[in-house]
Every structure is written in C-alpha cells, then in structure tokens.
Amino acid sequence: MSTFKLIHNSDMIKASHVLLVLGLIFTGASFSSCKKEKKTDPEQVAKGTVTADIDGKATDFSKFAISLTGSSNGNDFTAIQGDAADGSSISATIYGAVTAGKTYTVKSGEFATNPVISYTASNGDTYLPDLSSESTLSVTITAVSTSSIQGTFKGVLSYVGAGDKPDKSVTNGKFNVQR
C-alpha cells in the first residue's frame with residue numbers, strides 16, 4: 001500500500017511539473033504572439049499650438065495642446081488647453097457655439113456663460129478671473145473649421161488660494177488647435 005502512495009505521489013508531482021511547464025510555454029507563446037503597439041511621442045499626437053505672455057514673459061504651452069468640447073449644466077462649452085515644458089498650464093474656455101469672428105467677453109450677471117481663462121503655475125498656484133466684476137478678459141475666435149480652431153485670448157487673473165499673491169497678466173494669447 002505504501003508503494004502505491006509513493007507511485008501516486010510521484011505521478012502527481014510529475015503531472016504538476018508537466019502542467020507547470022505547459023503553463024509557462026503557453027504564457028510565453030501568448031506574450032510573443034501579442035502584437036506590440038508602436039510607441040508614439042505624445043507631443044506628436046497633439047499638433048496644436050498655444051502661446052501667451054504671462055506677466056510679460058513669453059511662454060509656449062504647446063505641449064499637449066488640445067481642444068475639448070462638452071456640456072455642463074445644459075451649457076455647451078469649448079476649452080482650449082495647453083501645457084508648458086516647465087509644468088505650468090493654461091486654458092481658455094468659452095460657452096455656446098464657437099463662431100469665427102466673435103469675441104467672448106465677461107458680462108456681469110452672466111457667470112454661467114462667461115469665458116474663463118485659467119493659469120496654473122509650475123508650483124501649482126492657480127489663477128482664475130475675478131468674475132465678481134467686469135474685467136478685460138476676452139477670448140476671440142478668429143477661424144473655425146471642421147478640423148481646427150484658431151484664436152486669441154487675454155485677461156487679468158487672480159490667485160485662488162490662501163494668502164495674497166499679485167494678479168497675473170495674460171497677454172498675446174494665441175491658439176491653433178485641432179478639433
């Protein structure tokens with residue numbers, strides 16, 4: 001009887017080794033048969049440009065420059081966003097239809113449909129328009145096609161956070177992004 005158990009245990013060990021080897025073979029075969037995806041540089045995917053002067057300093061936000069469209073609380077919007085090499089980012093958002101030749105400006109009392117420019121510095125400080133008063137903030141759409149949106153933007157942005165920091169001036173903002 002003990003010989004039977006040894007043979008039985010020996011057969012179980014051999015069977016488990018065979019299963020293990022077969023499992024490794026199938027795993028290796030499945031990895032080698034997977035089609036490898038071609039790596040694409042993310043900067044080549046987004047071919048748009050976004051630039052602006054922040055407090056007089058020219059900054060290129062064209063890394064990952066994109067446009068996004070959507071709806072929030074029943075209001076359609078288009079946001080143009082870009083990142084700079086230093087980690088800062090900027091976005092310009094308008095509500096409603098995107099119309100070539102139209103300038104979107106801040107109007108008091110219409111907070112849900114005002115254009116918004118936001119800037120996040122490389123240190124994480126965030127700046128937004130002070131919508132409690134009419135400001136000089138504006139976004140102008142200069143051209144619209146089925147494949148791109150072009151325009152300009154400018155405004156004065158206030159620090160959002162604890163403490164008091166000086167406003168940021170955004171001038172010479174320009175964008176040309178894919179839709």
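We're numbering straight along the sequence, starting at 1.
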Open item on the list: Please give me the minimum heavy-atom distance between Ala100 and Ala143, naming the atom from each residue.
Closed with: CB-CA, 4.1 Å
Open item on the list: So, taking the atom named CG in Asp53 and the one named NZ in Lys174, what distance separates them when rounded to the nearest 0.5 Å?
Closed with: 8.5 Å
Open item on the list: Run Ile141 and Ile149 through side chain to side chain contact (heavy atoms under 4.5 Å, CB included) and show every step you take.
Closed with: CA-CA 7 Å; Ile141 303 300; Ile149 302 172; 4.1 Å; yes
TODO: Report the distance from atom CG of Asp60 to atom OG of Ser88, rounding to the nearest 0.5 Å.
DONE: 10.0 Å
- [ ] Verify, without hydrogens or angle tests, whether Ser145 (side chain) and Ser148 (backbone) share a donor-acceptor contact under 3.5 angstrom.
- [x] yes
- [ ] Dump the intermediate steps for side chain to side chain contact (heavy atoms under 4.5 Å, CB included) on Tyr104 and Thr99, then the final yes or no.
- [x] CA-CA 10 Å; Tyr104 301 82; Thr99 305; 4.0 Å; yes
Task: Inter-residue atom distance Thr142.OG1 - Phe175.CZ, 0.5 Å rounding - done: 6.5 Å
- [ ] Determine whether more than 12 heavy atoms belonging to other residues, nucleotides or ligands lie under 6.0 Å from atom NZ of Lys165.
- [x] yes
Task: Residue of the set Leu68, Ile80, Thr78 for which side chain to side chain contact (heavy atoms under 4.5 Å, CB included) holds with Val177 - done: Ile80
- [ ] Give a yes or no answer on whether the side chain of Asn176 reaches the backbone of Gly48 with a donor-acceptor pair at less than 3.5 Å.
- [x] no
Open item on the list: Is a donor from one side chain sitting under 3.5 angstrom from an acceptor on the other, for Ser91 and Ser118?
Closed with: yes
Open item on the list: Restricting to non-hydrogen atoms, name the atom on Lys154 and the atom on Ile117 that form the minimum distance, rounded to 0.1 Å.
Closed with: O-CD1, 3.3 Å
- [ ] Give, for atom OG1 of Thr93 and atom CG of Asn114, the distance between the pair rounded to the nearest 0.5 Å.
- [x] 12.0 Å
Task: Close side-chain approach of Phe153 to Ile94, heavy-atom, < 4.5 Å - done: no
TODO: Check Val116, Leu157, Val156 against Leu137 for a side chain to side chain contact (heavy atoms under 4.5 Å, CB included) and give me the one that passes.
DONE: Leu157
Open item on the list: Return the OG1 to CD distance between Thr49 and Gln178, rounded to the nearest 0.5 Å.
Closed with: 10.5 Å
- [ ] Return the set of residues passing ring-ring contact (aromatic ring centres under 6.0 Å, His included) with Tyr119 (not counting sequence neighbours), or none when no residue passes.
- [x] none
- [ ] Could you tell me whether a side-chain N or O of Thr59 sits under 3.5 Å from a main-chain N or O of Lys57, the two making a donor and an acceptor?
- [x] yes
Task: Asn75/Asn73 under side-chain hydrogen bond (donor to acceptor under 3.5 Å, both in side chains): CA gap, chis, key distance, verdict - done: CA-CA 6 Å; Asn75 294 314; Asn73 296 326; over 6 Å; no
Task: 4.5 Å side-chain heavy-atom contact, Ile54 and Phe61 - done: yes
Task: Ile90 side, atom CD1; Gln81 side, atom CD - distance, nearest 0.5 Å - done: 9.5 Å
